[in-house]
Amino acid sequence: DIQMTQSPSSLSASVGDRVTITCRASQSISRDLNWYQQKPGIAPKLLIYAASNLQSGVPSRFSGSGSGTDFTLTISSLQPEDFATYFCQQSYSTLWTFGQGTKVEIK
Amino acid sequence: QVQLVQSGAEVRKPGASVKVSCKPSGYSFSSYGISWVRQAPGQGLEWMGWISVYNGKTNYAQKLRGRVTMSADTSTSTAYMELRSLRSDDTAVYYCARVLGATYYFDYWGRGTLVTVSS
């Protein structure tokens with residue numbers, strides 16, 4: 001299976017901060033990388049698909065980049081509703097896998 | 001609008017089986033796949049597998065092969081996930097999610113079904 005490793009596992013940030021989360025694949029996955037946001041007790045929500053495509057309805061402060069093995073999710077100006085856990089997911093192989101998650105907490 | 005409605009919480013004893021249902025609405029059921037993802041308490045997301053509703057083809061995570069079966073009934077537009085030989089570490093919230101073919105991302109999710117395995 002392709003292993004997905006996110007960093008950091010958690011971070012503390014303030015409203016208005018620029019936040020960057022990294023996801024690294026154990027082998028090249030082209031641009032087959034998706035990002036999800038999850039709040040406690042609620043199902044995950046798709047943010048970004050195919051590395052850099054913003055899902056309909058998702059605020060433009062979210063952006064994704066990368067290809068091959070290294071990917072980034074950026075929140076340009078953190079808002080109160082963005083405090084959540086973020087997961088990457090690869091869809092390159094026939095066995096899909098998630099990263100372990102990055103929890104974004106209030107500083 | 002697209003919705004995926006899942007069946008209610010279940011409690012099972014170790015060694016038993018559970019079957020969770022997922023009934024989508026708001027789109028053509030056969031045009032998309034359904035994937036199942038679970039989340040143990042306080043843990044991350046674990047992909048379990050998916051089914052192409054169009055042709056019934058399935059693909060399961062290696063660690064669950066032999067214990068999990070995913071199916072889809074096009075006559076009732078309902079997807080199912082059955083997990084057998086339950087263990088305590090199968091206790092989790094089980095989500096179904098719509099899969100968009102070719103790109104394979106999960107664009108709509110059910111609200112989750114809590115399955116508790118306890119003696």
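Each chain gets a letter, A, B and so on, in the order its sequence line appears, and its residues count up from 1.
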* Asked: Does any heavy atom of chain A fall under 4.5 Å from the side chain of B/Asp107, the backbone, both, or neither of them?
  -> both
* Could you look at B/Val37 and say if it's the side chain, the backbone, both or neither that has a heavy atom under 4.5 Å from chain A? => side chain
* So A/Trp96 and B/Trp47, would you call those rings parallel, tilted or perpendicular, with 30° and 60° as cut-offs? -> tilted
* In Å and rounded to the nearest 0.5 Å, what is the CD1 to OH distance from A/Ile42 to B/Tyr95? -> 8.5 Å
* So how far is it from B/Leu45 CG to A/Gln38 CD, rounded to the nearest 0.5 Å? -> 5.0 Å
* Against chain B, work out which of A/Pro44, A/Pro40, A/Gly101, A/Gly99 has the most heavy-atom pairs shorter than 4.5 Å and name it. => A/Pro44
* To do: Heavy-atom pairs under 4.5 Å with chain B are the metric here; pick the option from A/Phe87, A/Tyr92, A/Phe98 that has the most.
  => A/Phe98
Determine, using the 4.5 Å side-chain heavy-atom cutoff (strictly less than), whether [X] and [Y] are members of one ILVMFWY cluster.
{"X": "A/Leu46", "Y": "A/Val104", "value": "no"}
{"X": "B/Tyr108", "Y": "A/Trp35", "value": "no"}
{"X": "A/Ile21", "Y": "A/Phe71", "value": "yes"}
{"X": "A/Tyr49", "Y": "A/Ile2", "value": "no"}
{"X": "A/Leu47", "Y": "A/Leu54", "value": "yes"}

Check whether more than 12 heavy atoms from other residues, nucleotides or ligands sit under 6.0 Å from atom [atom1] of [X], and answer yes or no.
{"X": "B/Arg84", "atom1": "CZ", "result": "yes"}
{"X": "B/Tyr27", "atom1": "OH", "result": "yes"}
{"X": "A/Lys103", "atom1": "NZ", "result": "no"}

* Name the region of A/Asp32, side chain, backbone, both or neither, that has any atom closer than 4.5 Å to a heavy atom of chain B. => neither
Ignoring hydrogens, what is the shortest heavy-atom contact between [X] and [Y]? Give both atom names and the distance.
{"X": "A/Tyr36", "Y": "B/Phe106", "value": "OH-N, 2.9 Å"}
{"X": "B/Trp109", "Y": "A/Ala43", "value": "CB-CB, 3.8 Å"}
{"X": "B/Tyr60", "Y": "A/Leu95", "value": "O-CD2, 3.5 Å"}
{"X": "B/Tyr104", "Y": "A/Ser91", "value": "O-CB, 3.3 Å"}

* Asked: B/Arg111, B/Gln39, B/Glu46, B/Gln62: which one forms the most heavy-atom pairs within less than 4.5 Å of chain A?
  -> B/Gln39
